[in-house]
Amino acid sequence: QATGGATTKVRVNGTPAEATLSTTTGGCPELRWHCAGATAERSLSLEADVLGAVASGKEVVVRAFVADDAARPPPCAKAGGKRRRREYVFEMADGEGAAAAWGGTLRGCLDSFGRPKRLFVLINPYGGKRRASKIYEAEIKPLLEAAGVEVTMQETRYRGHAREVASSLDLARYDGIVCVSGDGVLVELVNGILQRSDWEEAIKMPIGVVPAGTGNGMAKSLLHAASETCSVSDAVFAIIRGHSMLSGT
């Protein structure tokens with residue numbers, strides 16, 4: 001049984017355990033497990049900790065972004081400290097059918113959060129210390145892939161290029177636009193959207209900012225408002241989770 005809090009025998013990263021996948025209405029969907037010989041129960045909030053999940057054979061691989069590998073705090077509590085990617089492999093004692101059921105339930109729950117599935121990523125390779133492209137490959141791309149996000153990436157080639165791209169981009173193909181840059185490319189992007197004939201609708205497109213410039217004032221402000229530290233990984237995870245800051249709300 002994949003929902004309702006029923007306990008299932010599994011092996012988590014090779015260690016025998018009992019696990020529960022709870023997606024009850026009105027609660028905080030979570031995955032809990034207790035390894036043989038351990039004193040504390042472990043848990044992952046599907047909304048706050050999990051990037052993605054995939055079932056293959058008897059295994060369910062859960063890709064998470066968590067503060068540490070110790071016992072998690074109470075469900076839905078905010079974790080402290082620097083987070084990093086981790087994978088938890090759940091080998092189901094009941095075989096492939098159970099793994100498929102868990103995988104389907106996990107993906108369905110993650111989809112219900114309204115997370116973006118297709119993003120257009122605009123990178124300014126010249127801003128800041130000229131490291132934006134390397135930051136994308138080393139830190140941003142792996143998180144987006146782990147979350148199953150389809151990405152179209154483009155680098156800006158000259159001043160004003162982001163404005164030109166935004167003015168003609170087929171927005172219907174994407175769930176959001178992400179700037180890997182400082183504030184300059186973001187300003188160009190917004191100006192390009194405002195130049196469109198359909199600007200009143202186009203301006204509703206969610207725009208994300210990953211700090212890769214010199215000042216990164218906008219990224220710092222948005223992450224502070226979301227009670228997050230100003231780091232590349234935290235900014236990407238906020239985008240993956242579909243967090244948005246709207247004026248007047």
Side-chain angles (χ1 to χ4, degrees), residues 47 51 111-145 147-249:
E47 199 280 332
L51 290 162
D111 287 344
S112 73
F113 299 142
R115 295 181 174 186
K117 296 181 180 298
R118 301 170 300 170
L119 292 174
F120 184 85
V121 177
L122 197 58
I123 299 174
N124 176 13
Y126 306 107
K129 298 180 180 179
R130 297 176 177 262
R131 295 187 60 248
S133 297
K134 292 182 179 179
I135 289 172
Y136 173 76
E137 291 293 333
E139 300 184 58
I140 300 171
K141 184 178 178 181
L143 282 173
L144 294 176
E145 287 181 342
V149 178
E150 180 183 331
V151 174
T152 299
M153 187 273 285
Q154 181 169 339
E155 293 186 348
T156 58
R157 298 192 296 272
Y158 46 82
R159 186 182 298 274
H161 190 197
R163 175 180 51 78
E164 295 176 7
V165 171
S167 66
S168 60
L169 188 65
D170 183 1
L171 298 181
R173 295 178 55 193
Y174 307 104
D175 299 317
I177 303 173
V178 176
C179 295
V180 182
S181 65
D183 293 341
V185 167
L186 175 63
V187 172
E188 285 190 20
L189 175 66
V190 173
N191 285 337
I193 289 176
L194 292 175
Q195 290 177 355
R196 297 170 62 104
S197 60
D198 63 343
W199 71 269
E200 290 182 289
E201 188 64 28
I203 200 64
K204 299 176 184 178
M205 169 66 71
I207 299 173
V209 187
V210 179
T214 302
N216 303 309
M218 181 58 72
K220 289 178 180 177
S221 297
L222 291 172
L223 288 166
H224 177 75
S227 299
E228 299 284 358
T229 58
C230 184
S231 71
V232 169
S233 58
D234 282 345
V236 176
F237 193 43
I239 291 167
I240 288 170
R241 294 173 65 190
H243 282 190
S244 61
M245 302 294 295
L246 303 177
S247 60
T249 61

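Along the sequence shown, the residues carry numbers beginning at 1.
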Exercise for review: Nearest 0.5 Å please: distance from the OG atom of Ser167 over to the CG atom of Asn191.
Suggested key: 11.0 Å
Review point. Does some side-chain heavy atom of Ile207 sit less than 4.5 Å from a side-chain heavy atom of Ile193?
Key: yes
**Study point:** Heavy-atom pair with the smallest gap, counting every atom of Val232 and Glu139
**Key:** CB-OE1, 3.7 Å
Review point. Any idea which heavy atoms bring Leu119 and Pro116 closest together, and the distance?
Key: CD2-CB, 3.8 Å
Review point. Looking just at side-chain N and O atoms, do Tyr174 and Glu150 make a donor-acceptor pair shorter than 3.5 Å?
Key: no
**Study point:** Nearest-0.5 Å distance that lies between atom CG in Asp175 and atom CD1 in Ile239
**Key:** 13.0 Å
Review point. Is the closest side-chain heavy-atom distance between Leu51 and Leu143 below 4.5 Å?
Key: yes
Review point. Just by modelled atom types, is the Ala162 backbone N or O under 3.5 Å from a matching donor or acceptor in the Glu188 side chain?
Key: yes
Practice item. Taking all non-hydrogen atoms of both residues into account, name the closest pair between Val151 and Tyr136 and its distance. Key: CG1-OH, 3.4 Å
Point to revise | Taking every non-hydrogen atom, the tightest pair across Glu200 and Lys204 | key: O-CE, 3.8 Å
Review point. Minimum heavy-atom separation for Ala235 to Val209, with atom names?
Key: CB-O, 3.8 Å
Practice item. Apply side chain to side chain contact (heavy atoms under 4.5 Å, CB included) to Gln154 and list each qualifying residue two or more places apart in sequence or on a separate chain. Key: Phe120, Leu122, Arg157, His161, Val165
Exercise for review: Would you check if the side chain of Arg196 reaches a backbone N or O of Ala166 as a donor-acceptor pair within less than 3.5 Å?
Suggested key: yes
Revision key, fill the gap. For Glu47, the side-chain hydrogen bond (donor to acceptor under 3.5 Å, both in side chains) test, sequence neighbours excluded, returns Arg241
Study note, to complete from the structure: So OG1 of Thr152 and CD1 of Ile177: to nearest 0.5 Å the spacing works out to 11.0 Å
Point to revise | Carboxylate-amine/guanidinium proximity below 4.0 Å for Lys117 and Asp111 | key: yes
